[in-house]
There are 2 protein chains.
Amino acid sequence: MSAPRGGRTGATRSVRTEATKQKLFDAALRLVGERGAAGVTVDEIAAEAGVAKGTVYYNFGSKDALVEALLRHGVDLLSERLRRASVLEDPSEALEATVDEALGFFAEYPSFAQLLVSEMWRTPGAWRETLELLRDDIALILRGVLDRLAESRRLPEGVRPATAAAALFGTLLVVSLDWHVFHPERTKEDVRESVVVLIRGVAGRRDC
Amino acid sequence: MSAPRGGRTGATRSVRTEATKQKLFDAALRLVGERGAAGVTVDEIAAEAGVAKGTVYYNFGSKDALVEALLRHGVDLLSERLRRASVLEDPSEALEATVDEALGFFAEYPSFAQLLVSEMWRTPGAWRETLELLRDDIALILRGVLDRLAESRRLPEGVRPATAAAALFGTLLVVSLDWHVFHPERTKEDVRESVVVLIRGVAGRRDC
DNA sequence: CTATTTGAACTGACTGGTCAGTACAAAGGA
DNA sequence: TCCTTTGTACTGACCAGTCAGTTCAAATAG
């Protein structure tokens, strides 16, 4: 993750800092995901991380900056995984692998899904700019898969990849959240299977 | 919409009150949708509605109660419209009409879509119970359409209506929000068309 | 090898401001 | 007459951000 700050001693510097930042990330993600950025106090985050309040400001400068770092970090992780899955040779396989990665990621970091869904479409918002970037990042990856799918005629005539990408993202996000919040008893395989079957319906091999 | 508070005098009660409540709903919906419930003050809502702060408390009792009323009111409106569309004779037509209504509703009340998306999957949350009810309300309607679709073999083998319902809701919500927030230049017809085409892909007539 | 210095990392009490909710006297309206 | 609204003033809790001071590991000096 982010390189050590401009320090001169280059070497092992900031092993401590990096650990602290990680603790703060974990704590902040959990709390902010559950109760929203505005619903959590810096004191709570610090307490949850087992760190003094000043440390938050030492490391991130402000509450907003902490949340922004959280968003970037999470999306970087997600897009990395999606990107890797999305380049599989066969477009259909790539789509399924991408869906798989997204579900896996949201299952692994449900709080991030909550944070994302609750901040992504806020209109003025402290993170407009960042969020726009992040959105484009994900959208581009999904569009890539869908474009290739369209090229090999595996998408119904007339479907716009851009719309399909938004729809796919919405589906993945909402299915994951619904699973986590309202049906935690369902297994990952079960959810995965339902979504994949569903998506094959629209983007399956056209072999009938 | 929601009946006057436990009033005794039944009759013409609250013509004025109803107007005041409506002004508060409109103002609160706009502000809360944009900045989130925690990001808006009661003073702002009162000012936006052109009403004294005390009036908010006279009519709703608390900020939380106001937001809860807002959620209920909005979902009542939405589910009413969806329900009406969902009972069309032909399942495919019912699905398309339902999609149409949902997109229309979210286009008409984008702030409600924002409020919903940012509160729906919050885990402890002041409105857990209410939101759970609301979610079931919508989910049931969508499931109804999809079940009928499955009965008439227009859904791919193995698709679970419950998952499909969540997916559909996620698609509608996210496509609407993306349209409103990131692509406001697109026309309603254009968006509608792309979604309908997309959905026909998975739930179209199996006539190949 | 021991003593001293340096500075990044961290601490937590404190401040200034914000905001939900209350109080209440004085209208206005049916 | 009673229900509703207004406007203003107030309270008490809460909270983002600050800052003077502490800790400690590594660098430097003797």
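Chain letters run A, B, ... following the sequence lines, proteins first, then strands; residues in each count from 1.
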Determine, for B:Glu119 against B:Arg122, whether the closest basic-nitrogen to carboxylate-oxygen distance falls under 4.0 angstrom. yes
Side-chain N or O of A:Asn59 versus OP1/OP2 of C:dA9: is the shortest distance under 4.0 Å? no
Of the candidates D:dT5, C:dT22, D:dT6, the side chain of B:Thr20 sits closest to D:dT5
Please state whether the phosphate of D:dT6, meaning OP1 or OP2, lies under 4.0 angstrom from any side-chain nitrogen or oxygen of B:Thr55. yes
Separation of C:dA20 C1' from B:Phe60 CZ (nearest whole Å): 16 Å
In the structure I gave you, are the side-chain heavy atoms of B:Gln114 and A:Met120 within less than 4.5 Å of one another anywhere? no
Are A:Ser92 and A:Arg200 close enough that a side-chain donor and a side-chain acceptor fall under 3.5 Å? no
Which residue, A:Gly61 or A:Glu44, contacts DNA chain D at a nucleotide closer to its 5' end, judged by nearest heavy atom? A:Glu44
Is there a residue in residues 29-41 of chain B whose heavy atoms reach under 4.0 Å of DNA chain C, and which residues are they? B:Val40, B:Thr41
Any donor-acceptor pair under 3.5 Å between the side chain of B:Lys63 and the base of C:dG21? no
I want to verify a distance call: between C:dT11, D:dT5, C:dT22, whose nearest atom is closest to the B:Tyr57 side chain? C:dT22
Are any of the side-chain nitrogens in B:Asp137 or B:Arg83 under 4.0 Å away from the carboxylate oxygens of its partner? yes
Side chains of B:Arg148 and B:Ser86: donor-acceptor distance under 3.5 Å anywhere? no
Would you kindly compare A:Asp43 and B:Ala52 by the position of their nearest DNA chain D nucleotide and give the one closer to the 5′ end? B:Ala52
Salt bridge check, B:Glu34 against B:Arg30: does any charged N sit closer than 4.0 Å to a carboxylate O? no
Rounded to the Å, how far apart are A:Glu18 CD and C:dA8 P? 16 Å
Would you mind reading off the distance between A:Asp64 atom CG and D:dA16 atom P, rounded to a whole angstrom? 10 Å
NZ/NE/NH1/NH2 to OD/OE distance under 4.0 Å, A:Lys23 and A:Glu48: no
Which nucleotide wins on minimum distance to the side chain of A:Tyr58, given the candidates C:dC10, D:dT4, D:dG17? C:dC10
Between atom CG in B:Leu24 and atom P in D:dT4, what is the gap in whole Å? 14 Å
